[in-house]
Amino acid sequence: MSDILRDISLELDEIRAANLWKGERRIVTAQSGHIKVARDGNALEVLNLCANNYLGLANHPELVKAAHEALDSHGLGMASVRFICGTADLHTELEQRIASYVGQEDAILFAACFDANGGVFEPLLGGQDAVISDQLNHASIIDGIRLCKAARYRYGNGDMGELEASLEKARGSGARRILVVTDGVFSMDGYFAKLSEIRALADRYDAWLMIDDCHATGFVGPQGRGSAARAGIKADIITGTFGKALGGAAGGFIAAAKPVVDLMRQRSRPYLFSNALPPAIAASASKAIDLAEAGDDLRDRLRDNASQFRTEMAAAGFSLPDGEHPIIPVMLGEAELAQKMAAGLFEEGVYVTGFFFPVVPKGQARIRTQMSAALSPQDIDQAVAAFIKVGRELSLIPGPKPCPKP
Ligand SMILES: *Cc1c(COP(=O)(O)O)cnc(C)c1O
């Protein structure tokens, strides 16, 4: 074996030895609240508590129908980047639709929000500029920032004092443009960014605000317009995904004032050098926005599921951070425990995933559950019962109260 392969094998062994190995389970049905997962040559039916399928649209008949129709009318794909010969009417329709939904003038599509975040900073910010980023921002923001030449500042998660100190420093250094960037919702904890405070601070220092709203678009705020709408503020730039609440297929976007979007069409590298989103995906994403906009019933179901799960899990003695987002982490501590808990729950028919270093800090391993409008109150009861059973087996929570002796 070559030295390179031997070294890689050693590295893989270390990942396994540290209980940090990430596997994949194969789902053999459509993504939904109830799915079947391959196991030992069979398929096990489980409740799904770990998809980003917040509104339950991933398998919605109207979205599937919209995609089918677009497949028939537009074929599979464009075989081109957008600006050469890859722009379909369905793309520009979706761009207009998402821009107005999130309250911005214009929008530009990407193959994924990872690409939107990878391509947004470099055209806007040069060496004379500054970017100020929350410590817990998504990996794609961190990578996107690495690709631009602006001075970088980082503040502790939600720490407004540190944000203000960074703004002061950046202004003091004579920065031309300052961009504050934050996730609208922090995906490991389900915390909302303090957007009113961030907006006020940004305004005080004449800085722009960018929000990555992947865990909000479609289900947070009035009509699901996102975390800026929830906070009653306006962002200068919003990035988001169609791969979560809005159908779960694929695609990302940058929404902003028209000159910003125009500049992205000229300069953003993942846009210029990568194939266009398949038109069928664009068609189903537009339909997803229609359903999300009108979907107060889905949002009510989602919110009720989240509050039921939080209440029942806390009553059972599990440790959950406060919050109201449908991301609900169950804190466990060590990676190994999170792995064991997830494996035990799977055997009880509940599909969840353990999260551990490097995705979350060491010692803060957890099961991150995510509620969905595709789940019923009975499903939530069943999931909590499984958590209690496995939690007792692992001595995470107290056992049942002993019967009083006569
Ligand atoms: C999921 C996610 C992304 C990436 O979105 P994709 O469309 O899946 O590439 C970016 N930012 C945040 C905060 C996310 O949660």
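All values reported here derive from a predicted model rather than from experimental measurement. Atoms within a ligand are numbered from 1 in the order they appear, just like the ligands themselves.
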Visitor: My understanding is that only residues two or more places apart in sequence, or in another chain, count here; which of them pass side-chain contact (heavy atoms from CB on, under 4.5 Å) with E62?
Guide: H60, K287, L291
Visitor: Do any side-chain atoms of residues 336-350 form donor-acceptor pairs under 3.5 angstrom with protein atoms, and if so which ones, sequence neighbours left out?
Guide:
| residue | atom | partner | partner atom | Å |
| --- | --- | --- | --- | --- |
| Q339 | NE2 | N19 | O | 3.0 |
| Q339 | NE2 | W21 | O | 3.4 |
| E347 | OE1 | R39 | NH1 | 2.5 |
| E347 | OE2 | R39 | NH1 | 3.1 |
| E348 | OE2 | K389 | NZ | 2.8 |

Visitor: Can you tell me how the ring of F387 sits relative to the ring of F309, calling it parallel under 30°, perpendicular over 60° and tilted otherwise?
Guide: perpendicular
Visitor: Do H325 and F219 have their ring centres less than 6.0 Å from each other?
Guide: yes
Visitor: Which atom pairs, nitrogen or oxygen on both sides, join ligand 1 and the protein at under 3.5 angstrom?
Guide:
| residue | atom | partner | partner atom | Å |
| --- | --- | --- | --- | --- |
| ligand 1 | 7 (O) | C113 | N | 2.8 |
| ligand 1 | 7 (O) | T241 | OG1 | 2.7 |
| ligand 1 | 9 (O) | C113 | N | 3.3 |
| ligand 1 | 9 (O) | F114 | N | 3.0 |
| ligand 1 | 11 (N) | H138 | ND1 | 3.3 |
| ligand 1 | 11 (N) | D212 | OD2 | 2.6 |
| ligand 1 | 15 (O) | H215 | NE2 | 2.9 |
| ligand 1 | 15 (O) | K244 | NZ | 2.5 |

Visitor: Would E293 and R97 pass as an ion pair if we require N to O under 4.0 Å?
Guide: yes
Visitor: Check residues 79-88 and write down every donor-acceptor pair under 3.5 Å in which the side-chain atom is one partner and the other belongs to a residue at least two apart or another chain.
Guide:
| residue | atom | partner | partner atom | Å |
| --- | --- | --- | --- | --- |
| S80 | OG | C85 | N | 2.9 |
| S80 | OG | G86 | N | 3.3 |
| R82 | NE | T87 | OG1 | 2.8 |
| R82 | NH1 | E95 | OE2 | 3.0 |
| R82 | NH2 | E95 | OE1 | 3.3 |
| R82 | NH2 | E95 | OE2 | 3.2 |
| T87 | OG1 | R82 | O | 3.0 |

